[in-house]
4 protein chains.
Amino acid sequence: MKFKVSAQLGYAAKSTGTIILNIHALRTERQKVLEETFTITPQTDAEELITATTNNRFIRFDIKEPGDYNITYDALVDNYFEVHNYKKYTDISISNLHPDVLLYLSPSRYCQSDKLYRLAENEFGNLANNYNKAVAITKWIHNHVEYLSGSSTSETSAYDTVAQQAGVCRDFAHLGIALCRALSIPARYFTGYSYMLIPQDFHACFEAYIGGEWLLFDATRLSPLNGFVKIATGRDAADASIASMFGDINNTTIKVDCQFADEGEFSPFYHYPSVFDAVTYM
Amino acid sequence: MKFKVSAQLGYAAKSTGTIILNIHALRTERQKVLEETFTITPQTDAEELITATTNNRFIRFDIKEPGDYNITYDALVDNYFEVHNYKKYTDISISNLHPDVLLYLSPSRYCQSDKLYRLAENEFGNLANNYNKAVAITKWIHNHVEYLSGSSTSETSAYDTVAQQAGVCRDFAHLGIALCRALSIPARYFTGYSYMLIPQDFHACFEAYIGGEWLLFDATRLSPLNGFVKIATGRDAADASIASMFGDINNTTIKVDCQFADEGEFSPFYHYPSVFDAVTYM
Amino acid sequence: MKFKVSAQLGYAAKSTGTIILNIHALRTERQKVLEETFTITPQTDAEELITATTNNRFIRFDIKEPGDYNITYDALVDNYFEVHNYKKYTDISISNLHPDVLLYLSPSRYCQSDKLYRLAENEFGNLANNYNKAVAITKWIHNHVEYLSGSSTSETSAYDTVAQQAGVCRDFAHLGIALCRALSIPARYFTGYSYMLIPQDFHACFEAYIGGEWLLFDATRLSPLNGFVKIATGRDAADASIASMFGDINNTTIKVDCQFADEGEFSPFYHYPSVFDAVTYM
Amino acid sequence: MKFKVSAQLGYAAKSTGTIILNIHALRTERQKVLEETFTITPQTDAEELITATTNNRFIRFDIKEPGDYNITYDALVDNYFEVHNYKKYTDISISNLHPDVLLYLSPSRYCQSDKLYRLAENEFGNLANNYNKAVAITKWIHNHVEYLSGSSTSETSAYDTVAQQAGVCRDFAHLGIALCRALSIPARYFTGYSYMLIPQDFHACFEAYIGGEWLLFDATRLSPLNGFVKIATGRDAADASIASMFGDINNTTIKVDCQFADEGEFSPFYHYPSVFDAVTYM
């Protein structure tokens, strides 16, 4: 399915410095970037970083003099998701998990799974399998946590969200990840453009590794699961932040858009707990 | 009802210093101390502190030379509790609460009610009145939190216990207090000797102010509500700690006992959520 | 010395509820309230609460219908402070502290002295006496913590301020209190009107109990120590908050003023570490 | 230089499960594993995991029935370190850092550099270059933090250690990493066997990326910088834990040894702040 996505970011630099952005659509087997433009005004050289540890697309550029900088990113992306049925499948034991997946079992900065395992066991431990557990976790978060702009900060973690019961998409995702890991289900953070999200913004949700696939869960229920253009995955928001600024540089504006750009009608797919179908992008 | 209570505490002092104990049975209208002995070995002068702000019985004494010190406290206490029925009663609005009670609405060190109000509202906000809410809170804690020695420290707060779901009597009490206050129900910490508690130790639970009475709740369900000899009340454990040591002084041993010392049979009274009766000591 | 103080507070009530204010000038031996008016618009009955545990002046009133409410407080206050010299004095041992003062040795919500005693010992433990320690603590905070509006929240505690090194007057006060208590110096929170504070606002600082007096310290150095009109004291901000609202009620505006209203010239007195003089109001 | 290292670990398994160990000597250009044996009693199959993101050597094996398990690891390792002089060198700007190094600039679970940047700037911001800063950080930690077994837990982070000023090698390392990153110096966690460490145990310290090399720093000063056999590196202890157990499995014993096994005399090299030499292993 084709989507047109765009992001416009403004920065006020009071000093020289460096910015690293992570707003480019990911290139994967299932997501092709058909067209893409990236401009910085005033014109500034930028490089795409290639790392050994992740295929997230980090763009680095230097701010060589103080001033206002505007970034524009536009892309036409073609991706496809699959919907699998998880009524009958077999959990993968830890001893059979691919080594690259084990990383996503560990607690991380915002997902202190080691401190939430009793909660996870008490609420979800008796469910039949990892799919049921992940679905129940997503539902529990949706029911217990209020989506409330401004209720959390960049320091808020899953541990806080359990107690405070309010947050934004990032907090919903962190809590989902932490509860999955507490039950030995690998889980990771996912950022992307999101069609039909109101208001438009970068969105975050989480993927759980179930039956050999990374399944997508969104406890906010704010956008259809089949309307995403993936930007990045990571252990939590610390691995996939939209922008890192080094120097006295502040973000001033942010504008995001995601449009359906394919033939036919878009048929939104939301996950309902009663259904055994789940969406996977990769 | 008469109880014989005793406490034996050992301290190793590597320096001179001061110890303040709070182990004496409280003297109230409903609790008479019939006999009482308090000794320090080697013999040391001690004074009972009289303060303007609390009638808790603090005993202060100086450690004038390093060494081992043993404290023995024995008392015969006669107290009575009342069992009231709360099927029909009227909640007291904040505007009618006695000023001395308002203090117990504020968040405190271990009871961060200001950070738990969404949880409290979500779980208990719809219940009919403060009695029902306090009963439901007690039941919820009993069902969600595991009593587990060593699972918490002196820094553990209600905020932690919500996430970690394990603790000791002190943690159960703090969580009960925090959730009550989050719903504008005054609540305070209570320490005492506790008949039939196994193993014998100082016990902590909480009182909620409902219908003009301080009602006793024990989310641990480890001892009968009518088997207490009250030592102290306060905002939380910071106000009612068994011992405060100033200097290089450590507690080495602790032994506590509480025996029924009245005629007839002791008939243990545990609170059950289905019943509208509640125990009040004062 | 006479000061005219005033406060104007606006509240938007979306529900009925209750407000408790703590903005009235304290009445003490050394602070006389000569004139005072307090009005609520629209007209609303209010009562001053008399409690057994504090002489802070809490004013309680009910919001009987939703709407906008404006509070005006004006007072003419005559107080005097004393300046004592602490070059030669004797520390009071814990065994000789008045029982009512012991309370201010304990850790509290925002002042976790029990977690900061190594820091306190390492930085200040070798100083000659409690006066020198309190002066050094005040200076250390001034040098290490940046005064920065918006850098802290109502949840920020002394523990956080040690690491984050930024805060507002409340945070400076909490850290001072915590470090004093960690060294067994009783310390308490102080709120007041403050002449020459720019911009005008309620101010917070701390008092340490030294040589039998409560001495005033202000690590922010933002206002003269002899320009205060005392509102309240307490263990920390939890005991002395300007306003507590019960119901869906929000503060919308706040305006504070403090003018010198006596004959002659006001001669501002700031504390300098090299001097052995200290200010006490009570 | 050749070292013989060994580790013996005991586990009590009350259930089936999986253990992942990270105790094998790392294989790098500068560290050769000459001989190595690894046994599990009772005999159990184990596999070495190969991951895309790290060359740490994780060993995974299943516990197929409850019981006691003993692990023995022995190795003969030949490694070499270099001592470079950093009197004259050029800091690498963020825009020139290798992409794989950027990861080590981000805050992580135990190293909240984003919350400590004012502290870092205030204490070290004025120093001439990254080498001087890293040396000063190491010295500052050594002077401010007490090495005290049992003073911290697996949840203790750099943020805590700043306030509590006590910890073990892991805490010293986390604080060093966090302060480096707060100054935009890449830093990572390092675990290893350590010759002359008393008592023998796994040791942790940190590496800072300076002038294109990973330099080794040990704020504990408990062992010579040239006596290490490297096991793992990572963002913090969450990436390099000695053992991860899945199931009801507990570690019961741990015994570690590291002996010099080369010709000649071992000449211990400790870092002194006045010297511009630094050790790098890789």
Side-chain angles (χ1 to χ4, degrees), chain A residues 16-20 44-64 93-115 117 153-155 157 159 181 183-184 234-241 244-247, chain D residues 16-20 22 44-64 93-115 153-155 157 159 181 183-184 234-241 244-247:
Chain A
T16 62
T18 300
I19 296 179
I20 299 174
T44 303
D45 288 340
E47 66 173 324
E48 182 167 345
L49 305 176
I50 310 295
T51 76
T53 55
T54 171
N55 58 350
N56 293 346
R57 299 179 63 201
F58 294 101
I59 308 297
R60 175 169 65 182
F61 57 94
D62 282 355
I63 297 297
K64 290 184 179 158
S93 73
I94 288 164
S95 55
N96 289 316
L97 281 175
H98 190 281
D100 286 339
V101 170
L102 289 168
L103 174 69
Y104 299 102
L105 281 177
S106 300
S108 61
R109 170 81 185 272
Y110 297 111
C111 305
Q112 306 98 325
S113 45
D114 50 341
K115 298 171 79 172
Y117 70 92
T153 72
S154 67
E155 295 177 10
S157 69
Y159 191 74
R181 291 183 191 163
L183 296 167
S184 294
R235 295 205 285 193
D236 58 27
D239 278 2
S241 65
S244 304
M245 288 90 81
F246 301 89
Chain D
T16 62
T18 299
I19 296 179
I20 298 173
N22 188 194
T44 303
D45 290 340
E47 65 172 325
E48 183 167 343
L49 304 177
I50 310 295
T51 76
T53 56
T54 172
N55 59 349
N56 293 346
R57 299 178 63 202
F58 294 101
I59 308 296
R60 175 169 65 183
F61 56 94
D62 282 355
I63 298 297
K64 289 184 178 157
S93 72
I94 288 165
S95 56
N96 289 315
L97 281 175
H98 189 283
D100 285 339
V101 171
L102 289 169
L103 173 70
Y104 299 102
L105 282 176
S106 300
S108 62
R109 170 81 185 274
Y110 296 111
C111 305
Q112 305 98 327
S113 45
D114 50 341
K115 298 170 80 172
T153 72
S154 66
E155 294 178 9
S157 69
Y159 191 74
R181 291 182 191 165
L183 296 166
S184 294
R235 294 203 286 192
D236 59 27
D239 278 2
S241 67
S244 304
M245 287 92 81
F246 301 89

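Convention: sequence-line order gives letters A, B, ...; per-chain numbering from 1. Computed from a predicted model, the values in this text were never measured in an experiment.
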Can you say whether [X] sits under 4.5 Å from chain D via the side chain, the backbone, both, or neither, judging by heavy atoms?
X	value
A:F61	neither
A:D45	neither
A:L102	side chain
A:T18	side chain
A:D236	neither

Heavy-atom proximity to chain A below 4.5 Å, by part of [X]:
X	answer
D:I19	neither
D:S184	side chain
D:L97	both

What's the shortest heavy-atom distance between D:K115 and D:Y159, and which atoms? CE-CE1, 3.7 Å
Minimal non-hydrogen separation, D:Y104 against D:D100, with atom names: CE1-O, 3.7 Å
Would you mind reporting whether [Y] and [X] have side-chain heavy atoms less than 4.5 Å apart?
X	Y	result
D:I20	D:R60	yes
D:I94	D:L105	yes
A:R235	A:R109	no

Atom pair CZ/OG of D:F246 and A:S95 - distance to nearest 0.5 Å: 11.0 Å
Treating A:R181 as the side-chain partner and A:P107 as the backbone partner, does any N or O pair qualify as donor plus acceptor under 3.5 Å? no
Of the listed D:G17, D:S108, D:S106, the one with the largest count of heavy-atom pairs under 4.5 Å with chain A is D:S108
